[in-house]
Amino acid sequence: MTTEMDPTDQKAHRPKGHATKSIEPTVTKGTETCTVVTPPFYANWTCTRTDTLLLLLVTGVALIVRCWRLSVPNQVVFDEVHFGKFAGKYINGTYFYDLHPPLAKMMFAAAGKLAGYDGVFDFKSIGLDYAAAGVPYVGMRLLPAFLGALTVPATFAATRACGYRMDTALLASLLVCFENGLVTQSRLILLDSPLVFFTVLTLTAWSMFWTKQGQSFSGVWWFWLISTGVLMGCAASCKWVGLFLFPAVGLSTISDLWDKIADRSLSPTRWCMHFASRAVGLLAVPFAVYVFWFQVHFALLHTSGDANSMMTPEFQTTLRGGLDVSTDRDVFYGSEIRMRSSNAQSGYLHSHTHNWQHEKGSGQQQITIYGHADENNIWVVEPAFNTTVDSSAGPVPVKTGETVRLRHKITGKFLHSHDKRPAMSSDDQKFELSGYGFPGFAGDTNDDFRVEILSGDKNEPGSDVRVQAIYSRFRLVHRNLQCAVYNSRKKLPKWAFEQTEVNCMRNCMPRMSTWHVEYSNYPNATAEMGVKKAKYRPMSVWGKIWEYNKLMAESNESLTGDHPFAARPQHWAWLRRGTAYWGGRGHFVYQLGNPLIWWASLAAVALFGLVRAVLFLMDKRQIFPSLGGQRRLYFSSAGFFVIAWVCHYVPFFLMGRELFIHHYFPALWMAILVLAFTLDLFTAKMPAIVRVSVYVAVAAAVLHVFNTFSYITYSRTWTKDACQKTKWLKTWDFDCEHAIGGVRATDPPPPSSATEAAKPIDAVEDDDAAEEDDDAPVDDAVPEPEQVALTSPSSVIGSVDAEESSSVGNIADIDSPVSIPANAVIEKSNPVAVHVAPNFEPPVSMPAVGINPEPKVNVSAVSVAYSDVEDTGAHAEL
């Protein structure tokens with residue numbers, strides 16, 4: 001005889017689709033066979049009056065925790081230098097590029113507009129005074145604070161929807177509410193608060209959707225399904241970390257649909273309806289939301305800006321005041337042309353009267369890529385060495401497969417390549433490009449390049465056979481070396497004016513070796529020739545979205561560096577270190593989580609894996625522990641959030657880009673829920689008074705630790721001794737010298753610490769954009785020293801000899817009153833400290849820059865330590 005038995009408690013719990021497979025072992029007892037099944041139970045939670053009161057309570061507490069001292073510090077903090085600036089560009093309609101999707105930044109722009117921000121303040125560097133500039137920064141910070149506060153009641157709702165009691169939901173809410181890292185991040189103009197908000201709401205909506213499984217295709221069922229899709233799209237529209245929601249929700253959906261196949265009461269038509277509805281709600285809807293926010297983004301940024309050069313010419317033509325090119329269409333022998341590299345971060349093939357200086361180079365004239373159009377970009381198309389063309393019947397067009405030479409119009413030298421290594425590579429597949437030739441020298445075959453047209457414009461017949469300006473995409477392949485002219489995208493040294501390297505590379509991919517002619521002029525043209533014109537065609541919205549996202553992917557992939565507070569994923573979960581955000585005198589902001597919550601939540605995730613493995617083995621031996629009647633509740637709910645945690649954590653181990661502890665925050669929230677579920681499991685069968693006592697003890701411990709670290713969360717003033725006592729781990733590198741009693745709490749302070757040197761992150765200066773911005777002017781003169789702040793903390797950029805001549809300016813925070821030589825050179829401004837060495841009597845003191853001229857100090861050199869607070873402009877974070 002076969003009977004159905006359920007060895008576990010059949011209380012409401014999460015469905016099998018939330019990461020558990022149904023367990024159907026067969027147990028034999030004498031002659032009786034028992035099949036154990038676990039039917040899909042669902043938590044049919046409906047918000048009660050008590051739930052509502054508790055939701056209001058935790059929301060109020062969360063608002064207080066997030067908004068207290070929101071005006072402190074009243075200066076630009078950390079990545080506010082980027083996202084505050086971007087908000088201003090939205091308000092002014094000025095185009096910019098960032099490596100993150102636009103939604104969170106647009107939300108900050110809306111908050112700033114409502115608060116009265118006019119978009120003028122540029123957020124140029126960490127430490128700029130908001131109050132002095134009249135910036136309504138508190139109103140802008142209210143947005144992330146409010147979103148961060150709403151994650152607390154959402155945590156309560158998600159826990160209840162998973163089938164847990166009110167006390168467990170309340171405890172989970174308090175754990176999220178008093179997590180220092182989440183609080184710090186939600187008090188500043190940073191993207192992670194909106195990201196965590198939409199991530200939390202997505203999984204809350206998904207949990208609510210599962211409570212309606214008994215009402216399939218009803219209005220409320222559709223509401224929660226579509227809400228999940230909309231919120232997933234919004235999360236992905238803030239940062240690409242939101243994309244990790246798709247495998248988390250997707251695995252749950254796949255498991256559920258697989259289980260539904262085994263349900264004989266469900267017709268194939270009905271199953272297909274379930275499949276189609278989830279495909280629409282969880283794939284089509286998020287995609288539509290993602291595209292919608294990009295359309296809004298492009299509609300708001302309608303005016304040409306500094307980041308234009310990072311986009312293709314077709315993209316730039318869509319901007320007001322953007323690129324507007326009209327040129328002769330056909331390229332003939334004898335035409336004067338300007339060639340542009342056809343990739344997104346484009347520039348022009350360029351030369352100037354300066355020679356290569358690298359060790360293995362030829363010493364011949366430099367060939368580079370320069371980001372701006374000037375006369376040094378003009379080349380004349382000539383026939384190959386020792387060949388001529390017959391132009392008696394009219395100009396001869398240049399065709400694919402033909403060999404040509406390019407003569408630099410200004411210097412008269414030919415584009416040339418030979419067996420010499422380029423400046424930025426020792427690869428034997430790469431060769432130097434140079435300008436070569438002199439009066440009376442006819443050249444040689446190393447000046448010859450074969451034109452290979454890769455594609456033409458389908459609307460311009462013949463553009464795939466004859467070279468046409470703008471419409472033909474081609475490669476130049478060296479006749480002897482069989483290498484193609486290649487955009488390496490590497491920035492050259494200062495002796496090459498930090499322009500972009502171009503070399504000749506064998507076996508290179510077409511993308512970075514593809515060129516097109518942007519300007520063409522045939523000097524001998526006549527009116528009878530009927531010269532046709534060519535123009536860039538404006539890109540469609542779909543084309544702009546595709547190009548922008550492709551550029552975002554490239555920027556994220558190339559985001560590598562040595563930021564002093566970068567941290568690899570293996571260090572996040574156990575809170576090895578945090579991130580310095582801002583440093584003041586007597587107080588500072590340092591991003592560090594509540595260690596009790598971090599360590600306990602990591603232990604809870606590990607414990608789930610251990611319990612699941614042990615019970616799997618026990619099941620194989622026909623032993624079915626019920627875990628106090630909580631087995632299916634624990635496995636289904638905690639199992640889902642552990643899988644979500646894995647989806648939001650493990651992918652970072654595969655990334656080579658620079659990463660930081662805030663990338664762990666979405667996974668942290670999921671681990672906190674697993675912690676609450678684990679506490680519920682262990683206390684489920686305890687007497688009520690004991691269970692309440694355990695919960696109260698946990699909450700009290702969390703509050704105590706939260707208060708201990710609240711000084712670095714809220715930038716509260718504290719003493720050096722109290723600060724040092726909170727360094728539970730040696731790797732926590734916040735600088736207690738900023739606290740009262742520390743040397744950096746004095747006025748003026750001594751040399752900068754790591755916390756004062758908080759470097760903006762989650763941003764990247766695109767190499768190509770930087771090359772274009774930093775290129776020499778038209779005449780290739782070395783640009784004037786730039787007044788910017790640098791990156792590494794407490795780093796001595798260099799010493800300035802007294803014999804060097806220039807002037808001193810923008811000096812702040814001096815160790816002691818000193819006199820500075822009038823001819824000292826400081827090329828970068830805003831030094832945090834100036835150190836003076838003995839043995840030199842300064843000829844002139846300079847009180848004009850805020851330095852007390854007395855007493856005089858002998859100095860031989862001035863060393864400047866900089867805090868990197870430079871706004872890099874071009875900017876992308878997974």
| query | Given side chains that start at C-beta, do those of P73 and V589 come closer than 4.5 Å, heavy atoms only? | reply | yes

| task | Please report the shortest heavy-atom distance between V65 and C177, naming the atom on each side. | result | CG1-O, 3.6 Å

| query | Quick one: are F565 and D733 in side-chain contact, heavy atoms under 4.5 Å? | reply | yes

| said: Set out, in order, the CA-CA distance, both residues' side-chain angles and the distance that settles side chain to side chain contact (heavy atoms under 4.5 Å, CB included) for T726 and W718, then state yes or no. | reply: CA-CA 11 Å; T726 62; W718 61 346; 3.6 Å; yes

| Point-to-point distance, once rounded to the nearest 0.5 Å, from NE2 of H563 to CG of L659 | 12.5 Å

| query | So, does E80 use its side chain to make a donor-acceptor pair with the main chain of V77 at under 3.5 Å? | reply | yes

| remark: Rounded to the nearest 0.5 Å, the CZ atom of R160 sits from the CE atom of M166 at a distance of 4.5 Å

| task | Determine yes or no for a side-chain-to-main-chain donor-acceptor pair under 3.5 angstrom, with T168 supplying the side chain and Y164 the backbone. | result | no

| field | Distance-only side-chain donor-acceptor flag, W669 / T155, under 3.5 Å | value | yes

| request: Classify the angle between the aromatic ring planes of W572 and Y664 as parallel (below 30°), tilted (30 to 60°) or perpendicular (above 60°). | output: tilted

| task | Look at the rings of H662 and F660 and say which category their plane angle falls in: under 30° parallel, 30 to 60° tilted, over 60° perpendicular. | result | parallel

| query | F608 and Y634: aromatic ring centres closer than 6.0 Å? | reply | yes

| field | Minimum heavy-atom distance between F178 and V702, given as atom pair plus value | value | CB-CG1, 4.1 Å

| Are side-chain heavy atoms of C238 and L191 found at a separation under 4.5 Å? | no

| Taking R69 for the side chain and Y714 for the main chain, is one N or O donor matched with an acceptor at less than 3.5 Å? | yes

| said: Once you measure the plane-to-plane angle for H738 and F588, does it fall in the parallel (<30°), tilted (30-60°) or perpendicular (>60°) bin? | reply: tilted

| request: Step through the shown structure and confirm whether more than 12 heavy atoms of other residues, nucleotides or ligands are within 6.0 Å of CZ on F246. | output: yes

| said: Tell me whether T184 contacts the main-chain N or O of Q591 through its side chain, where contact means a donor paired with an acceptor under 3.5 Å. | reply: no

| query | Would a distance-only check, ignoring hydrogens and angles, find a side-chain to backbone donor-acceptor pair under 3.5 Å from K727 to F734? | reply | yes

| query | Should the pair Y130 and Y137 be assigned to parallel (<30°), tilted (30 to 60°) or perpendicular (>60°) ring geometry? | reply | parallel

| Short side-chain to backbone donor-acceptor contact, N180 and L592, under 3.5 Å | no

| field | Any donor-acceptor N/O pair, S715 side chain to Y711 backbone, under 3.5 Å | value | no

| request: Considering non-hydrogen atoms only, spot the tightest contact between A111 and G139 and give its length. | output: CB-O, 4.2 Å

| Selection residues 173-183 - residue pairs positive for salt bridge (charged side-chain N to carboxylate O under 4.0 Å, His left out), sequence neighbours left out | none

| task | Report the C-alpha separation of V249 and L203 in whole Å, then their side-chain angles, then the decisive distance to 0.1 Å, and conclude whether the side chain to side chain contact (heavy atoms under 4.5 Å, CB included) test is met. | result | CA-CA 8 Å; V249 173; L203 297 184; 4.1 Å; yes

| query | Hey, what do you get for OG1 (T717) to CZ (R585), rounding to the nearest 0.5 Å? | reply | 13.0 Å

| Is the number of heavy atoms from other residues, nucleotides or ligands within 6.0 Å of NZ (K725) greater than 12? | no

| field | Ionic contact status for D619 with R631, cut-off 4.0 Å | value | yes

| Yes or no on side chain to side chain contact (heavy atoms under 4.5 Å, CB included) for W206 and W210, after CA distance, side-chain angles and deciding distance? | CA-CA 6 Å; W206 186 239; W210 278 103; 3.2 Å; yes

| Does any N or O in the side chain of T719 come within less than 3.5 Å of the main-chain N or O of A722, such that one atom is a donor and the other an acceptor? | yes

| field | Validation row: V241, F244 side chains within 4.5 angstrom (heavy atoms) | value | yes

| note | Rounded to the nearest 0.5 angstrom, the CE-CG distance for M232 and L245 is 7.0 Å

| remark: Closest non-hydrogen atoms of S71 and V138, given as atom of the first, atom of the second and distance, are CB-CG2, 3.7 Å

| Any salt bridge (charged side-chain N to carboxylate O under 4.0 Å, His left out) pairs touching residues 590-606, not counting sequence neighbours? | none

| task | Nearest 0.5 Å please: distance from the CG atom of L182 over to the OG atom of S186. | result | 7.0 Å

| Note, S710 side chain near R716 side chain (heavy atom, < 4.5 Å) | yes

| query | Is a side-chain donor or acceptor of T48 paired with a backbone partner of D51 at a separation under 3.5 angstrom? | reply | yes

| R141 versus F108: any side-chain heavy-atom pair under 4.5 Å? | no

| Under 3.5 Å: donor-acceptor pair, side chain of H571, backbone of A567 | no

| query | Does a side-chain heavy-atom distance below 4.5 Å link F677 with L633? | reply | no

| said: Can you give me the closest heavy-atom contact between A638 and V674, atom names plus distance? | reply: O-CG2, 4.1 Å

| Residue pair F624 / M618, side-chain heavy-atom distance below 4.5 Å | no

| How close do A149 and L63 get, heavy atom to heavy atom, and via which atoms? | CB-CD2, 3.5 Å

| task | Verify the neighbour count for atom CZ of F653: are there more than 12 heavy atoms of other residues, nucleotides or ligands below 6.0 Å? | result | yes

| How long is the gap from NE2 on H663 to CZ on R568, to the nearest 0.5 Å? | 10.5 Å

| said: Go through it in stages, so that I can follow the logic: the residues are W732 and R576, the test is side chain to side chain contact (heavy atoms under 4.5 Å, CB included), and I'd like the CA-CA distance, side-chain angles, deciding distance and then a yes or no. | reply: CA-CA 7 Å; W732 292 353; R576 181 178 181 270; 6.0 Å; no

